2 protein chains.
Amino acid sequence: MLQRPPAEPGMREEDVDTPALLLDLDAFEHNLDTMAALLAPTGTKLRAHAKTHKSPVVALQQMRRGAVGNCTQKVGEAEALAWGGVPDILVSNEVIAPRKLARLAALSRIAKVAVCADDEAGIAAIEAAAEAAGLRMTVLVEIDVGSGRCGVEPGPPAVALAERIAASPHLIFGGLQAYHGSAQHKRRPEERVAAIAAATDGTRRTVEQCRQRGLDCAIVGGAGTGTFALEAASGVWTEIQAGSYAFMDADYARNDDPPPFRQALFVLAQVMSAPRAGVAVVDAGHKALPTDSGMPLVHGFPGVAYARAADEHGTLLGEGVPRLAEKVRLVPGHCDPTVDRYDWYVGVRKGRVECLWPISARGAMA
Amino acid sequence: MLQRPPAEPGMREEDVDTPALLLDLDAFEHNLDTMAALLAPTGTKLRAHAKTHKSPVVALQQMRRGAVGNCTQKVGEAEALAWGGVPDILVSNEVIAPRKLARLAALSRIAKVAVCADDEAGIAAIEAAAEAAGLRMTVLVEIDVGSGRCGVEPGPPAVALAERIAASPHLIFGGLQAYHGSAQHKRRPEERVAAIAAATDGTRRTVEQCRQRGLDCAIVGGAGTGTFALEAASGVWTEIQAGSYAFMDADYARNDDPPPFRQALFVLAQVMSAPRAGVAVVDAGHKALPTDSGMPLVHGFPGVAYARAADEHGTLLGEGVPRLAEKVRLVPGHCDPTVDRYDWYVGVRKGRVECLWPISARGAMA
C-alpha cells in the first residue's frame, strides 16, 4: 500500500526517516543539463525512459530541457505519465493483452501514444483495440539489434511487419524500436563500440528498406546511458531512450569509462546494530536496495563494503564502519528497481529537504 | 503508489491481468493446517513472521489455527498488523531511531508489542521512548546463534543486557530472540542439524544463566521454515517464527529435504513476445520477481527454464515454451521480497478468483 513520506520539506537530511530514497537535486539537475548539452549538437532527440524514474515530475523536467517525451515499458506507467501531464509517450515494448490495449487506446485520446510489435499476432491485437475504440494507433516495429530478447530480425522480416501496419486502416506505422540492452553495461568501451556498430548496420539497412517501400521511419528509437553517444552520432537513430543518466548507480560506475553524470540517487539508511568491531548492520536490505546488478556502495566510506544483503538487513564490513545510529547514504546497485521500491523521492539540496515527489508509477507492472 | 487490483472476484484465473500475485487458497490453507498440526504435539507456539506475508488477513488466519501472534522486522509492518486487528506483535529486530520508537510506544496502547535490543544504547533509546510515552515497553535481548549478523554473544553479554532491561522502571524483560537465519537454506539436513544444535547450546545456556539471576525468559523466539522442527523439538524455544511455510518458493524447494508444504504463491505472467523457436518472453522481470535467491521456476513446464530476468522482461528458454499470449504461473525464487512488490493477493481456488486481499504492509520499510 502507499507509504507515508519519510520527511517534510525544510527538514535537515539527518532527520529524514530511514530507509528513504534521496535525490540530490544539484546532481540531478546537472545530469539533465549535461544530457541536453551532449545531444544538442547531434540533432538526436531525447525520449528519456520513465521505467527508471516512474514520475511525471521528473519527465516534465526532462521535457523542459528539450526531451520530446518519455518511454515506458508498461501501460500502467504510460497512464501515470499521461495523467500527470506528459503529452507524448512511447511504450517501448510489446503489449499483447486486449485489456491492456483497450487502456492504451483510451489513453491515446489525451496523449500522443505509440506502442511496439514484433509479431503479426501482436499487430492484429493492437488493430482490434484501435478499431474497437474508433481511433488509429501508432505502432513501431521492434527489431533485435543484438540483445537476443524481443524483436524481429532487421531487414525483410521487419519490413514485412511495417507493411502490415501501414496497410491497416486502424494503425499508423511509427518507425523502429532498436534498443541494444545488453550493450549498455559492457565494461570496455571497445565492446560497446563494436556492439553498437553492428546494431547500426542492421538498423540503417531496415530504415532504407522501409524507405524503398515508401515507408518513413518517423521514430528510430533506442540507446541507453551506456551507449547513447554512439547512437546519437550514428545518423540513424532519431531518439535516445536513456533513463539511468538522470540518477546513475553503482553498476554504471563500474564501466571502464563511466558515463559523464553524477551520482544523484541514494538510499539513506541507519545503523541499527553494531555488534562487533568492523561490523555495522543497516536497516536497508535487498527489499530496500535490489541486488540484481550487485551490491550498493557506502557513500563517503571508502574502506567499508556493503557485504551482504538480507531482506531487511545490510551488513557493512571494513575499517571505520559507521557507528550505531549513524545515517549513511548508500549508492544503489541498480537505480531502476530501487526507485520502484519507494513511493516518494525526498529531494535534498545543501543538507535540507526541498521537496517530496510522488513516484506515481511505483509498482505499475501491468 | 497504490495499484489497482488485477482481477475481480468470480473471474476465471486465465482472465486475471498480468503480472499478478496469485495465492492458491487450497495449498495455502493446507500449509497453515500442516504447520499447526506439526507444532501441536511439541508444545511450541507459532508466531509466524509477517515480513513474508505483510497482511493482517493472513495473520488472522494463522492465529485462528493457534498462532500466538506475528513477528515483524519493521515498525511500519507492526502498525499495519495492529491496525488490522492483530493483538500480539514482536518486532524481531533492533529499532534505534527515536521517531520509530515513539510510534512503537503509541502502538503498544492498542496491541501487545515487544521489540529487540542487542546494545546498551539501544536499550536506553527504547527506555527514553517508553518514559516519554508514560508506559512500559517489553524488550527481548537478541543473541547471535550463528548467523553473524545482529545480536550479542550468548551467555554473560546477553545476561548483562537482560539485567539492564529488568532494572529499568520503564521496561519489561521479555526474553530472548535467537534466530539462525543462515541455517534455513543450508541444502543438506545434517548441516541444519549441526547449526541448530550449536544454536540450542548457546540459547539454553543463556536461558539458564538468566534464570540464575532471577530473570524469566517468557519468550524464546527463533526458527524459520528450514529448521523449525529442530527448534520446536529442542525444549528451549517457546515460539517458532517461520514465515515462508505459508507460501513456499523455489529456493526452499532446492533443499535436499524440502519442508512439508505446498507451493501456494505464484506470479501469473503472460508471454508478450515469442521471437524465435524455443524462446518466450514474459511480462514479469526482476521488478515482478526479485532474483536475490535465484530465478523463478515455470510451473507446469518441466523442460522450460526462466533463464534471464531484466527489469520488465523474463526470458524463457527450452523445449515446449508457452506460446505468444499464453499465461503461465511462475514460482518465485524467494517469496518474501516477491510479495512486497504487489498491493494485492489474488486468491484463487479451482480456477476462479475467490478474493482480493490488500498487502497492507507492502513497502513498509521504516
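Just so it is clear, the structure is predicted and the values come from calculations on it, not from any experiment. Proteins get letters first, then strands, A, B, ... in listed order; numbering begins at 1 in each. Side chains are part of it too, since the values below use all heavy atoms of this structure and drop only hydrogens, waters and symmetry mates.
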Any idea which heavy atoms bring [X] and [Y] closest together, and the distance?
X: B:Arg276; Y: A:Gly151; value: NH1-O, 4.3 Å
X: A:Ser273; Y: B:Glu94; value: CB-OE1, 4.4 Å
X: A:Pro275; Y: B:Arg149; value: CG-O, 3.1 Å
X: A:Lys287; Y: B:Lys51; value: NZ-O, 2.9 Å

Could you check which of [options] has the highest count of heavy-atom pairs closer than 4.5 Å to chain A?
options: B:Ala288, B:Ala364, B:Ala325, B:Ala121; value: B:Ala364
options: B:Asp144, B:Val279, B:Ile359, B:Thr315; value: B:Ile359
options: B:Ala309, B:Ala97, B:Gly122; value: B:Ala97
options: B:Glu153, B:Arg4, B:Met365; value: B:Met365
options: B:Asp283, B:Leu2, B:Val152, B:Ile96; value: B:Ile96

Which atoms of [X] are under 4.5 Å from chain A, going by heavy atoms: the side chain, the backbone, both sets, or neither?
X: B:Pro337; answer: both
X: B:Leu324; answer: side chain
X: B:Thr18; answer: both
X: B:Asp311; answer: side chain

Could you go through B:Lys100 and A:Met272, starting from their C-alpha distance and side-chain angles, then the distance that decides it, and tell me whether this counts as side chain to side chain contact (heavy atoms under 4.5 Å, CB included)? CA-CA 12 Å; B:Lys100 290 186 172 77; A:Met272 58 175 196; over 6 Å; no

Top of [options] for chain B proximity - count of heavy-atom pairs under 4.5 angstrom:
options: A:His286, A:Lys54, A:Gln270, A:Glu142; value: A:His286
options: A:Asp336, A:Asp119, A:Thr291; value: A:Asp336
options: A:Gln73, A:His313, A:Arg99; value: A:His313
options: A:Val281, A:Asp15, A:Val95, A:Val271; value: A:Val281
options: A:Ser293, A:Pro157, A:Ala310, A:Gly148; value: A:Gly148
options: A:Arg308, A:Lys74, A:Gln3; value: A:Gln3

Can you tell me how far apart CE (B:Met1) and OH (A:Tyr342) are? Round to the nearest 0.5 Å. 14.0 Å

Could you walk me through whether A:Asp17 and B:Arg103 pass side chain to side chain contact (heavy atoms under 4.5 Å, CB included), step by step? CA-CA 12 Å; A:Asp17 199 15; B:Arg103 286 163 51 205; 3.7 Å; yes

For A:Asp249, all residues meeting side-chain hydrogen bond (donor to acceptor under 3.5 Å, both in side chains), sequence neighbours excluded: none

Kindly check if the number of other-residue, nucleotide or ligand heavy atoms within 6.0 Å of CD (B:Glu120) is above 12? yes

Counting N and O atoms only, with roles assigned by atom type, does the side chain of B:Arg341 sit under 3.5 Å from a partner on the main chain of A:Asp340, one being a donor and the other an acceptor? yes

Check each atom of A:Pro358 against the heavy atoms of chain B and say whether the ones under 4.5 Å are side chain, backbone, both or neither. both

Would you call B:Arg362 and A:Asp343 a salt bridge, taking side-chain N to carboxylate O under 4.0 Å as the test? yes

